[in-house]
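We use all heavy atoms of the structure for the numbers below, so side chains are in, but hydrogens, waters and symmetry mates are not.
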Amino acid sequence: MGKSWATFGVDLHLDRSGTGLRRGLTDALREAVRGGRLAPGTRLPSSRSLAADLGVARNTVAEVYADLVAEGWLAARQGSGTRVADRTPAIPDGTPATPDRTPAAPDHRPAPSHPAPHRREPGRPAYDLVPGTPELASFPRAQWLRAARRALTTAPDRALGYGDPRGRPELRTALAGYLSRARGVHADPDRIVVCAGFLGGLGVLAELLRQRGARSVAVESYGLPHHRRLLARAGCDTPPLPFDDRGTLPLADPAAAQAALLTPSHQFPLGLPLLPERRTALIDWARRTGGLVLEDDYDGELRYDRQPVGALQGLDPDRVVYLGTASKSLAPGLRLGWLVLPPSLVEDAMDCMAGRTPGALDQLTLAEFLGSGGYDRHVRAVRLRYRRRRDALVAALAERAPEVRVTGIAAGLHAVLQLPPGTEQQAVRAAAWNGLAVHGLSTFRHPEAAVAPLDALVVGYGTPPEHAWAGALDALCRALP
């Protein structure tokens, strides 16, 4: 089938092979983009014009365009028509086409968010559903700027000096009040150390543990691999904690580790809170053995369906180190995190903080943002936005993939989609083909965990900008088995 689209600056021959009108036209346009005959940025005819040229129904062309937009081959923007996307997606070769992540923030997952299809950059998927990053477009720029101006205007000159290695006293005081009120943390300003995000805080703790002769830090059976790697580089073994269908269990052998790193309020990635009796057993272990519990409270403020689960640290502030950040609530790029330490660790932590404290102006700005109520207002606003996204995800799956079970959604920025056995990698490859970055649950499984593998996708619904959420959701549903 040969057609000249001279009015759009394109002479194009479409070879419609395959069965079915819609399928044939979809394949022909996809091949024209893949082969380079339709260059990035090329504007395509309107669905009405192309339908008239080809002698087909307009709805057929509109559906073909929508399919190719969802796959990332085309980009549609209101007022400027349908164009060839900036980059054609790579064809998967059996390896999940996800970006290289050296988590960050989320501390839990760094890496910048990916642009929408019509602004895609080379090597980037159309949609990013890798868990760990909030919607960066929702960062409260105007409010942050006002807080920065107020903080800088009122800051004493000495605030621009080297200062206390624990961080600015204004921020430590503001954090002590906020964490006590919002998370149930026993937080005296003198016991708070401001650090460069979660990884910065974990690095300090790893150094402290090494200095104290710790050889082993137990970690959860499912968790972030880069946390295990950081601890391993510090010279610590990372045995997995036992795990069952109700979540993480305390250590079977009390002498197996000198510390334990957990996400007790919302286990990452499976989303289960640590049960009350297991919280008590964990604290009892720490008291009997002199061990430390490292509490990663990565998303404690983002609760939707129940009252917030209070911080574990409140049960024993002398045996639990609390780690928190602004990475989920604000943005990982701020690199602002904090440790609430037992008194016995504060002095040694100060010795480890040389050169690691975040910039004073960012600390003063966050202190002002907390003290003015701006932080609370922002958290309430994004909590509502993320809940709506979560609800849309659950509704779409109920309609289009009812056999997929969704779990871990009472809080946070991600959901676990449990799949039929043996289909996880198939779903990850299908997602890559649809221009979607998403992780399988196996990515987070400890290699030594004594738990049967579970096929699932871990879907981060916070990252896509608002205008791209519907497209990301559609691409996800297409990828599911």
Side-chain angles (χ1 to χ4, degrees), residues 103-108 110 112 133-134 136 138-183 185 187-208 297-298 301 321-341 343 345-379:
D107 266 324
H108 283 280
T133 293
L136 301 179
S138 69
F139 182 79
R141 295 173 187 244
Q143 297 91 327
W144 186 261
L145 182 59
R146 287 196 294 270
R149 286 173 174 162
R150 289 193 297 267
L152 186 57
T153 300
T154 59
D157 292 341
R158 63 180 178 276
L160 303 179
Y162 290 105
D164 192 318
R166 292 172 296 182
R168 290 299 308 166
E170 297 91 338
L171 178 55
R172 291 187 284 113
T173 299
L175 283 170
Y178 175 78
L179 294 173
S180 175
R181 167 173 57 85
R183 301 297 300 127
V185 173
D188 184 280
D190 290 339
R191 294 169 54 180
I192 295 177
V193 172
V194 182
C195 51
F198 177 86
L199 290 181
L202 186 59
V204 170
L205 293 174
E207 186 172 331
L208 285 177
D297 192 34
Y298 68 102
E301 295 143 320
V321 178
Y322 178 90
L323 298 94
T325 79
S327 298
K328 297 290 190 302
S329 56
L330 289 169
L334 293 176
R335 308 304 301 143
L336 286 170
W338 42 87
L339 305 173
V340 182
L341 297 165
L345 293 181
V346 173
E347 186 173 346
D348 288 344
M350 292 173 66
D351 293 339
C352 295
M353 286 300 298
R356 295 183 176 182
T357 307
L361 295 182
D362 284 338
Q363 292 187 57
L364 292 169
T365 301
L366 180 56
E368 172 66 29
F369 202 45
L370 283 163
S372 68
Y375 184 82
D376 286 88
R377 289 190 293 273
H378 171 73
V379 168

### Message
Quick check: closest heavy atoms across Cys195 and Leu339, and the distance to 0.1 Å?
### Response
SG-CG, 4.2 Å
### Summary
By ring pair (Phe, Tyr, Trp, His ring centres under 6.0 Å), Tyr375 pairs with (sequence neighbours left out) Tyr178
### Message
With a 4.5 Å cut-off on side-chain heavy atoms, are Leu366 and Leu330 touching?
### Response
yes
### Query
What pair of heavy atoms forms the shortest contact from Ile192 to Ala187, and how long is it?
CD1-CB, 4.1 Å
## Note on the structure
In terms of heavy-atom contacts, Tyr298 and Lys328 come closest through O-CG, 3.0 Å
### Message
Could you check whether any side-chain heavy atom of Leu152 comes within less than 4.5 Å of a side-chain heavy atom of Leu364, counting everything from C-beta outward?
### Response
no
### Query
Can you check whether Ala196's main-chain N or O pairs, donor with acceptor, with Arg335's side chain at less than 3.5 Å?
yes
### Query
After noting the C-alpha distance and the side-chain angles of Thr325 and Leu334, does the key distance pass the side chain to side chain contact (heavy atoms under 4.5 Å, CB included) rule?
CA-CA 10 Å; Thr325 79; Leu334 293 176; over 6 Å; no
### Query
For Ala367, does its backbone N or O pair with a side-chain atom of Glu170 as donor and acceptor, under 3.5 Å?
no
### Query
Rounded to the nearest 0.5 Å, how far does CG of Leu179 lie from CG of Leu370?
8.5 Å
### Task
Please answer whether the main-chain N or O of Leu361 pairs with a side-chain N or O of Thr365 as donor and acceptor at a distance below 3.5 Å.
yes
### Task
Search all heavy atoms of Met353 against all heavy atoms of Val204 and return the closest pair with its distance.
SD-CG2, 3.5 Å
#### Entry: Note, Pro134 side chain near Pro332 side chain (heavy atom, < 4.5 Å)
yes
### Query
Does any N or O in the side chain of Arg166 come within less than 3.5 Å of the main-chain N or O of Asp190, such that one atom is a donor and the other an acceptor?
yes
### Query
What salt bridge (Lys or Arg N to Asp or Glu O under 4.0 Å) pairs are there with at least one residue in residues 138-163, not counting sequence neighbours?
Arg150-Glu368
### Task
Might you work through the side chain to side chain contact (heavy atoms under 4.5 Å, CB included) test for Leu323 and Leu205, ending with a clear yes or no?
CA-CA 10 Å; Leu323 298 94; Leu205 293 174; 3.7 Å; yes
### Query
So, for Thr357 and Pro165, which heavy atoms are closest and what is the spacing to 0.1 Å?
OG1-O, 3.1 Å
### Query
Counting N and O atoms only, with roles assigned by atom type, does the side chain of Arg191 sit under 3.5 Å from a partner on the main chain of Leu341, one being a donor and the other an acceptor?
yes
### Task
Please examine the side chains of Arg181 and Asp376, heavy atoms only from C-beta on, and report whether any two atoms are closer than 4.5 Å.
yes
### Task
Sequence neighbours left out, what pairs pass salt bridge (Lys or Arg N to Asp or Glu O under 4.0 Å) with at least one residue falling in residues 345-356?
Glu207-Arg356, Arg212-Asp348
### Query
Roughly how far, to the nearest 0.5 Å, is CG of Leu336 from CZ of Phe369?
12.0 Å
## Note on the structure
Arg172 and Gly167 have their tightest heavy-atom pair at NE-O, 3.1 Å
